[in-house]
Colleague: 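Have a look at this one before I ask anything.
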Protein chains: 2
Amino acid sequence: MTFFNEQPVTAADKTFFQLRKDIVEGEVASGSKLSETELSTKYAVSRAVIREAINRLESCNLVERKANVGARVVTLTPEGLVELYQVRESLEGMAARLAAKNMTDQEIGDLNVLLNTHFQKVKTGESYYQEAGDVDFHYRIILGSKNKHLISMLIDGIYHLVRMYRVQLGMTGPRITTAFDEHKNIVQAICNRDEELAEMLMRRHILYSKNNVEKKLEAVN
Amino acid sequence: MTFFNEQPVTAADKTFFQLRKDIVEGEVASGSKLSETELSTKYAVSRAVIREAINRLESCNLVERKANVGARVVTLTPEGLVELYQVRESLEGMAARLAAKNMTDQEIGDLNVLLNTHFQKVKTGESYYQEAGDVDFHYRIILGSKNKHLISMLIDGIYHLVRMYRVQLGMTGPRITTAFDEHKNIVQAICNRDEELAEMLMRRHILYSKNNVEKKLEAVN
DNA sequence: ACAAATGAGATTGTCGACAATATAACCTTA
DNA sequence: TAAGGTTATATTGTCGACAATCTCATTTGT
């Protein structure tokens, strides 16, 4: 998976990545306050570095900040999850449309290869698919859109929040084979350069995914 | 117009707003370098404040930053404009869909009132409509979606860049009366709680708008 | 007893100085 | 002369200290 090729260069980068990881994986609790002095001792950097990291986390929608008061990790709610999937439906639908238009034949070929490797794993019953595989599939289509803003909004803007919901609410269940078929149909539409269909199928795919996630959410509560 | 109710509280806020205004309106040239020391003397604040402002501007897609090198104001290109409108089509389409679902009857009533005042101004030939009126219309529907991420992405994320294109490429021409009719139909769909149609009409509206803007862009070059 | 005012403590916001890095001019050498 | 290395300069990154603001407990007055 060629996902996280972003590599830190400054101390603020490292701190940002580390803090983001800790938040997404729940090591820093959802809803908890982010004290600048406390974090600066914990991560052994100055407050200026922490402040920059927190600012970037705010851009990712992972923390909320109030002037002269401070920053808190976002709280996860069913409503928030629904809103997130609504945005995903919209943006990733458009991404699929643009991918059908802009991906090279080479890239589409690679996508088919990826799908085949997933198919092998699904057949042998490996559970690898759901997490990394699904992410990788969506990631490639997003990049395939070749739209800078779309890519930035999805990858930098909401992907980590989606992952935070998945990790912290334990959304790593099945829905493997059906999701695989949906992926296959989306790729087929992209192969055919059918923008309209690619968008529609991607939107449905995310809608199904949302319904599935909501069902699990109800089961938990 | 109740657009900019955001009011600065810290020095970083003020500097951010001022710098954003200067960039959008072209006072700070597109593509120019943002020197931290230079700006700190110009705006009479410390470099820390400037750095925070620049970080926020990066989140708005108004400047691009490279580690250890610095920040530059984004350059405006025809391709960038197309990408921006593609994202708008996607997000504002979804906003219209959600507005048809989530706006209160009161809010829809207010929207109709707004439309009527615009109609009066269009009839008497005032050009006020295009700029502020169009913005206000879209703004209300975005807020009407009641979706936090959608609102944040559109208002904080891309609106100012859209405005930067409009101002600097002189996109303040006609397309008044036809756009008005499109607005009217969108509101009608929202009145009828027809989510499907509201989204479709909004997407078309933005598509037309994009084509119109592109035509002007060609005329300029 | 309750509400508003006051003050102590802690947290965020801002600042100037220093360290690390990139850019560009200059020098060296083939 | 051109290519490569080196130094000088300027810019960004990081730090600790101080100022401004908020929070909350205590006090004060009715």
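Naming convention: chains lettered A, B, ... in sequence-line order (proteins, then strands); numbering from 1 in each chain. Given the structure is predicted, the values throughout are model-derived calculations rather than measurements.
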Colleague: Looking at B:Glu107 and B:Lys146, is there a salt bridge between them, counting it only when a charged N and a carboxylate O are closer than 4.0 Å?
Modeller: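 Result for this pair is yes, salt bridge flagged.
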Colleague: Mind listing the residues from residues 47-61 of chain B sitting with a heavy atom below 4.0 Å of DNA chain D? Number order is fine.
Modeller: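 B:Arg47, B:Arg51, in order of number.
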Colleague: Name all residues meeting the salt bridge (charged side-chain N to carboxylate O under 4.0 Å, His left out) criterion together with B:Glu83; count only those two or more places apart in sequence or in a different chain, and write none if there are none.
Modeller: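 Partners of B:Glu83 under the salt bridge (charged side-chain N to carboxylate O under 4.0 Å, His left out) test: none.
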Colleague: Taking only residues two or more places apart in sequence, or in another chain, which ones meet A:Glu25 in a salt bridge (charged side-chain N to carboxylate O under 4.0 Å, His left out)?
Modeller: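 With neighbours one apart ignored, the set is A:Lys21, A:Arg163.
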Colleague: Output all residues satisfying side-chain contact (heavy atoms from CB on, under 4.5 Å) with B:Gln18, sequence neighbours left out; order by chain, then residue number.
Modeller: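 Only B:Asp22, B:Tyr43 meet the side-chain contact (heavy atoms from CB on, under 4.5 Å) criterion with B:Gln18.
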Colleague: Contacts to DNA chain C from residues 9-18 of chain B, heavy-atom cutoff under 4.0 Å, which residues?
Modeller: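 Going residue by residue through residues 9-18 of chain B, the ones with a heavy atom under 4.0 Å of DNA chain C turn out to be B:Thr10, B:Ala11, B:Ala12.
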Colleague: List the residues meeting side-chain contact (heavy atoms from CB on, under 4.5 Å) with A:Asp13, not counting sequence neighbours, and say none if there are none.
Modeller: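 Per chain and number, A:Asp13 pairs via side-chain contact (heavy atoms from CB on, under 4.5 Å) with A:Pro8, A:Val9, A:Thr10, A:Phe17, A:Arg56.
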Colleague: Which residues pass the side-chain contact (heavy atoms from CB on, under 4.5 Å) test with A:Leu143, sequence neighbours left out?
Modeller: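 Expected list: A:Tyr139, A:Ile151.
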Colleague: What are the 5'-most and 3'-most nucleotides of DNA chain C lying under 4.0 Å from any heavy atom of chain A?
Modeller: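 For DNA chain C, the relevant span reads C:dT11 to C:dT14.
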Colleague: Between B:Leu34 and A:Asn68, name the one whose nearest nucleotide on DNA chain D is closer to the 5' end.
Modeller: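 Final value for this comparison: B:Leu34.
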Colleague: By salt bridge (charged side-chain N to carboxylate O under 4.0 Å, His left out), which residues pair with B:Arg193, not counting sequence neighbours?
Modeller: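 Listed in chain order: B:Asp105.
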Colleague: Counting only pairs under 3.5 Å, give me each side-chain donor-acceptor contact of residues 90-99 of chain A, with atom names and distances, residues two or more places apart or in other chains.
Modeller:
unit_1, atom_1, unit_2, atom_2, d
A:Ser90, OG, B:Ser90, O, 2.8
A:Ser90, OG, B:Ser90, OG, 2.7
A:Glu92, OE1, A:His138, ND1, 2.6
A:Glu92, OE2, A:Arg88, NE, 2.8
A:Glu92, OE2, A:Arg88, NH2, 3.1
A:Arg97, NE, A:Glu199, OE1, 2.4
A:Arg97, NH2, A:Glu196, OE1, 3.4
A:Arg97, NH2, A:Glu199, OE1, 3.0

Colleague: Could you list all the salt bridge (charged side-chain N to carboxylate O under 4.0 Å, His left out) pairs where at least one residue sits in residues 149-158 of chain A, not counting sequence neighbours?
Modeller: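 Found none.
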Colleague: Holding to salt bridge (charged side-chain N to carboxylate O under 4.0 Å, His left out), I want the full list of residues that pass it with B:Glu89, two or more places apart in sequence or in another chain.
Modeller: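 Per chain and number, B:Glu89 pairs via salt bridge (charged side-chain N to carboxylate O under 4.0 Å, His left out) with B:Arg203.
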Colleague: B:Gly70 or A:Val45: which one's nearest nucleotide on DNA chain D is closer to the 5' end?
Modeller: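 Its nearest nucleotide lies further toward 5', so the answer is B:Gly70.
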